[in-house]
Amino acid sequence: MPAEPARRVRLEASWLEQLGGEFEQSHMRELSAFLRREKAAGKRIFPPGDRIFHALDATPFHAVKAVILGQDPYHGPGQAHGLCFSVPPGVPPPPSLKNIFRELRNDLGFEAPPHGCLEHWARQGVLLLNAVLTVEARKAASHQGKGWERFTDRIVEALNTRREGLVFLLWGAHAQRKGAIIDQARHQVLSAPHPSPFSADRGFFGCRHFSLANEYLRARGIGGIDWQLPSQP
């Protein structure tokens, strides 16, 4: 857990190299203590412990091509598995994800699969990062302000300063605030309203972020993302 020395943290090696020192900072020790107290009190925490850092494990630092920033994990049972907007196989796609699929269809002729697992994107270099990596069951935003935001800020900062030519897809005001530090001379930043049913009609539909991301990557001699999800995750 976060309070352990960096050498004992279970994290993909390239990210541990970038972020290992963070785990010894006071905010991460306080976060670890908070999570232990919550679990000791019998509260259910999502995602499962081995999936908290799944976004980093699935997309190594050197493999990142694009970044999609979310806010919190899903707080319903069985939904969160460490990738923003994604759900495990067998779990129905939530409304925001359905709207993402709708925009993909309009932009690229994407055919929505019978699942909502975005692992296929993560394995190609799409970092699916939430700003907060844990949540209490049935209580949205319950772990905001506990330390995760500072940790994920360091992730964005490392990508911004130590990589070049990435695409950041910032959907909604929260993601746009978190991405305000991104150097747009080094990276492409694509901003749009959040895909939530409450805001998707205000500019997420029609943003064409998926084709624009691929145009940018290919112009730099980097392979684009195959956004079409397989029928079986």
Side-chain angles (χ1 to χ4, degrees), residues 11-12 15 44-61 63-105 107-108 110-138 140-141 143 148 151-152 155-156 159 166-172 174-175 178-179 190 192-197 199-200 204 207 209-210 213-214 224-233:
L11 195 66
E12 191 277 330
W15 282 111
R44 296 180 67 193
I45 307 299
F46 299 141
D50 63 350
R51 291 275 146 165
I52 291 174
F53 298 113
H54 185 38
L56 304 181
D57 293 335
T59 312
F61 178 78
V64 175
K65 294 182 179 181
V67 181
I68 297 177
L69 292 179
Q71 190 165 350
D72 292 276
Y74 295 123
H75 56 86
Q79 290 182 308
H81 69 140
L83 305 177
C84 73
F85 294 106
S86 180
V87 290
V91 177
S96 292
L97 183 53
K98 289 182 179 179
N99 284 339
I100 291 171
F101 288 171
R102 176 177 164 184
E103 174 58 22
L104 275 160
R105 182 179 66 247
D107 187 12
L108 294 171
F110 170 99
E111 293 297 329
H115 64 84
C117 181
L118 306 182
E119 194 94 29
H120 179 65
W121 297 356
R123 299 298 178 188
Q124 296 179 76
V126 182
L127 180 65
L128 298 167
L129 180 68
N130 277 316
V132 175
L133 300 188
T134 57
V135 70
E136 182 181 345
R138 307 289 189 188
H143 289 186
W148 280 127
F151 176 71
T152 54
I155 294 172
V156 175
L159 291 167
L166 305 182
V167 182
F168 289 83
L169 292 81
L170 308 180
W171 300 334
H174 187 275
K178 196 169 188 69
L190 301 173
H194 195 276
S196 161
S199 55
F204 178 77
C207 69
H209 280 186
F210 306 100
N214 277 355
I225 306 299
D226 174 17
W227 297 106
Q228 177 64 64
L229 296 171
S231 60
Q232 297 295 325

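- Taking the six-membered ring where the residue is Trp, His81 and His54 present tilted rings, their angle falling between 30° and 60°.
- Note: Phe85 and His194 have tilted aromatic rings, judged against thresholds of 30 and 60 degrees for the angle between ring planes.
- Nearest heavy atom pair, residue Ala55 against residue Leu83, reads CA-CD2, 3.6 Å.
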Steps toward side-chain contact (heavy atoms from CB on, under 4.5 Å) verdict (Leu229, Trp121): CA-CA 8 Å; Leu229 296 171; Trp121 297 356; 3.3 Å; yes
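- Ala66 and Val64 get closest at one heavy-atom pair: O-CG1, 3.7 Å.
- The aromatic rings of Phe210 and Phe204 sit perpendicular, their planes meeting at an angle over 60°, well past the 30° parallel limit.
- In terms of heavy-atom proximity, Thr152 sits nearest to Ala131 at OG1-O, 2.8 Å.
- Between His75 and Gln79, the side chains place no donor N or O within less than 3.5 Å of an acceptor N or O (distance only, hydrogens not considered).
- For Leu166 against Phe168, the heavy-atom pair with the smallest separation is CB-CE1, 3.9 Å.
- Leu56 and Leu127 make their closest contact through CD2-CD1, 4.0 Å (heavy atoms, listed as atom of the first residue, atom of the second, distance).
- You'll find the ring centres of Tyr74 and Phe46 outside the 6.0 Å limit.
- Under a 3.5 Å cut-off, the side chain of Glu119 and the backbone N or O of Pro233 do not form any donor-acceptor pair.
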Test side-chain contact (heavy atoms from CB on, under 4.5 Å) applied to Cys84 and Ile68, step by step: CA-CA 8 Å; Cys84 73; Ile68 297 177; 4.0 Å; yes
